[in-house]
2 protein chains.
Amino acid sequence: MSRSTQKEINRENLLNQGVALLMQQGYHGTGLQEILDAVQIPKGSFYNYFGSKENFGAEVIKHYITPYIQQITSYLEQSNADALSALQRYFNESIAELERTDFKGGCLLGNLIGEIGDSSEICRVALQTTLNSYRDVLQLGLSLAQQQGTIRTDKSARDMADLLVNTWQGALLRMKVEQSTEPLKQCCQALLGDFFKA
Amino acid sequence: MSRSTQKEINRENLLNQGVALLMQQGYHGTGLQEILDAVQIPKGSFYNYFGSKENFGAEVIKHYITPYIQQITSYLEQSNADALSALQRYFNESIAELERTDFKGGCLLGNLIGEIGDSSEICRVALQTTLNSYRDVLQLGLSLAQQQGTIRTDKSARDMADLLVNTWQGALLRMKVEQSTEPLKQCCQALLGDFFKA
DNA sequence: CAAATTAAGACAACCAGTCGTATTATAATA
DNA sequence: TATTATAATACGACTGGTTGTCTTAATTTG
């Protein structure tokens, strides 16, 4: 196997493991050694791939969001003239997944904002752009739903998407503390099922 | 000075410093030594007052919320037949304070839920009861406003208080990442100024 | 003086990050 | 094509520092 592709595989494995561990144990709660042991990669290589733990953290953040955006995009494309249902389907699927994993983790973005949003500027910026791109895809869905007449048009899709992201983040925190997905369901019901309705 | 009162003063100082440091740097990001140095208390004493860092964390959590609940209660008592304005005044004051402190810290509860909600059961329970008592006082305000006719009555004060707490927490995270209080203002406007209105 | 409380420092475990060496891949040369 | 030269990467022992906790001695109290 060529060296460059192996390097890519190693990087990918580190990022995946980083997502899993940072989400559950936090940034300072997870040592580099723990990540390296899990994927059997020596410490020296880590510092070749990423320059520092902080840079790694920023890359983990960007790596994290990709599948979620793909999932929403895919749901929106599948939905024929019913973007609102696609969004509801996405959130319901997320809720089901969180129940399967016993409410662990929640959202890496929310967790890291609280922990290192003040202390790491690099990660703060990564969190900002990542959260914005998540907001953008929700905004797209809401704006489609506006065109389809299922979502009110006297509020901007942008504002509603922001509110939805923020309430969802808060509900995820509440879920962890209550060990229940009730806050998540309430979030979807109150916003998508009521406040945003046309 | 008697020993018992000195002990109380030391405990109080440690808790206050703990609130400040844990809020800004997180649980694992703050070492005991840093807290002890700040209040000039030897490490050995710490383990007399609190049994472990984890127990200390749980006590810091409970200690944190008291002034906020007092503030809301005080605003509600001052307000003559206008509980909704009292709540709005509380949130506006909180927003002004966060602007003064450059969006640092946010809410200790939200930050710690994300960081250690999964790993420390003691702290998770402390966070749960603390957040619930915060919700309770907001619920009281909303239910007063319902009686006064300024808040809709087709939704329970409890559900609205939960939604308000969760959205506020999410907005605090968003504030840290955006370095702006805009998300907080949007939260108050959308809920207290629109969705919850009678 | 005896008992209980407090404080100081020792402790092993762990942290992120470094550095010299070993290994490998690529390029140059014959 | 075979051999060598050069560069890039892989590696893990090691560093200085910090972590939370515990043992032990000093101090205070009744």
Side-chain angles (χ1 to χ4, degrees), chain A residues 1-15 17-22 24-61 112 115-116 118-124 126, chain B residues 1-15 17-22 24-61 112 115-116 118-124 126:
Chain A
M1 184 174 321
S2 89
R3 181 136 62 162
S4 63
T5 61
Q6 181 60 51
K7 174 173 173 175
E8 285 308 308
I9 292 172
N10 285 347
R11 266 185 64 103
E12 181 86 3
N13 285 341
L14 282 168
L15 288 173
Q17 196 64 41
V19 164
L21 290 177
L22 291 189
Q24 284 216 27
Q25 308 180 340
Y27 180 84
H28 288 111
T30 307
L32 288 183
Q33 202 58 58
E34 190 177 0
I35 302 173
L36 296 166
D37 288 348
V39 293
Q40 300 267 51
I41 290 175
K43 184 173 271 190
S45 299
F46 176 88
Y47 280 89
N48 287 330
Y49 302 155
F50 313 92
S52 67
K53 188 188 185 183
E54 195 181 7
N55 277 332
F56 176 68
E59 296 221 36
V60 165
I61 288 163
L112 289 190
E115 185 183 355
I116 55 171
D118 288 331
S119 48
S120 167
E121 179 67 7
I122 294 174
C123 290
R124 201 208 100 234
Chain B
M1 185 172 320
S2 88
R3 179 136 64 161
S4 63
T5 61
Q6 181 59 49
K7 174 172 175 173
E8 285 307 310
I9 292 173
N10 285 347
R11 267 185 63 102
E12 182 85 2
N13 286 341
L14 282 169
L15 289 173
Q17 196 65 40
V19 165
L21 290 177
L22 291 189
Q24 284 216 26
Q25 308 180 340
Y27 181 84
H28 288 112
T30 307
L32 289 182
Q33 200 59 59
E34 192 176 358
I35 302 172
L36 295 165
D37 288 349
V39 294
Q40 299 267 48
I41 289 174
K43 187 177 267 190
S45 300
F46 176 87
Y47 279 85
N48 290 324
Y49 302 153
F50 312 92
S52 68
K53 189 189 184 184
E54 194 181 8
N55 276 332
F56 175 69
E59 296 220 36
V60 165
I61 290 164
L112 289 190
E115 185 184 354
I116 55 171
D118 288 330
S119 48
S120 167
E121 180 66 9
I122 295 174
C123 290
R124 202 208 99 233

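Chain letters run A, B, ... following the sequence lines, proteins first and then strands; every chain starts at 1.
One interatomic measurement links the two molecules: CG of A:Leu36 to P of D:dA13, which rounds to 13 Å at whole-angstrom precision. With rounding to whole Å, B:Gln33 atom CD is found 13 Å from C:dA10 atom P. Rounded to whole angstrom, the span from the CZ atom of A:Phe46 across to the P atom of D:dT9 amounts to 17 Å. To the nearest angstrom, P of D:dG20 lies 4 Å from NZ of B:Lys53. For the pair A:Leu32 CG and D:dG12 P, the interatomic distance rounds to 16 Å; values are reported in whole Å. Across the protein-nucleic acid pair, B:Ile41 atom CD1 and C:dT5 atom C1' stand 15 Å apart, rounded to whole Å. Rounded to whole Å, atom P of D:dT19 lies 10 Å from atom CD1 of B:Ile35. Atom P of nucleotide D:dC11 and atom OH of A:Tyr47 are separated by 16 Å, given to the nearest angstrom.
Both A:Gly29 and B:Pro42 sit near DNA chain C, but only B:Pro42 has its closest nucleotide nearer the 5' end. In terms of position along DNA chain C, the nucleotide closest to A:His28 lies nearer the 5' end than the nucleotide closest to the other residue of the pair A:Gly44 and A:His28.
At distances below 3.5 Å, not a single donor-acceptor pair connects side-chain atoms of A:Glu59 with backbone N or O atoms of A:Leu15. B:Lys53 places a side-chain N or O within 3.5 Å of a backbone atom of B:Tyr27 that can act as its donor or acceptor partner. In this structure a side-chain-to-backbone donor-acceptor pair under 3.5 Å is missing from A:Gln17 to A:Ala38.
Residue A:Lys43 places no side-chain N or O under 4.0 Å from the OP1 or OP2 atom of D:dG12. A:Ser45 has a side-chain polar atom (N or O) that falls below the 4.0 Å cut-off from OP1 or OP2 of D:dC11.
Contact annotation: the side chain of A:Phe56 approaches that of A:Ile35 to within less than 4.5 Å [non-hydrogen atoms, C-beta and beyond].
Counting any heavy atom pair closer than 4.0 Å across all strands shown, A:Tyr49 reaches sugar-phosphate atoms only and no base atom.
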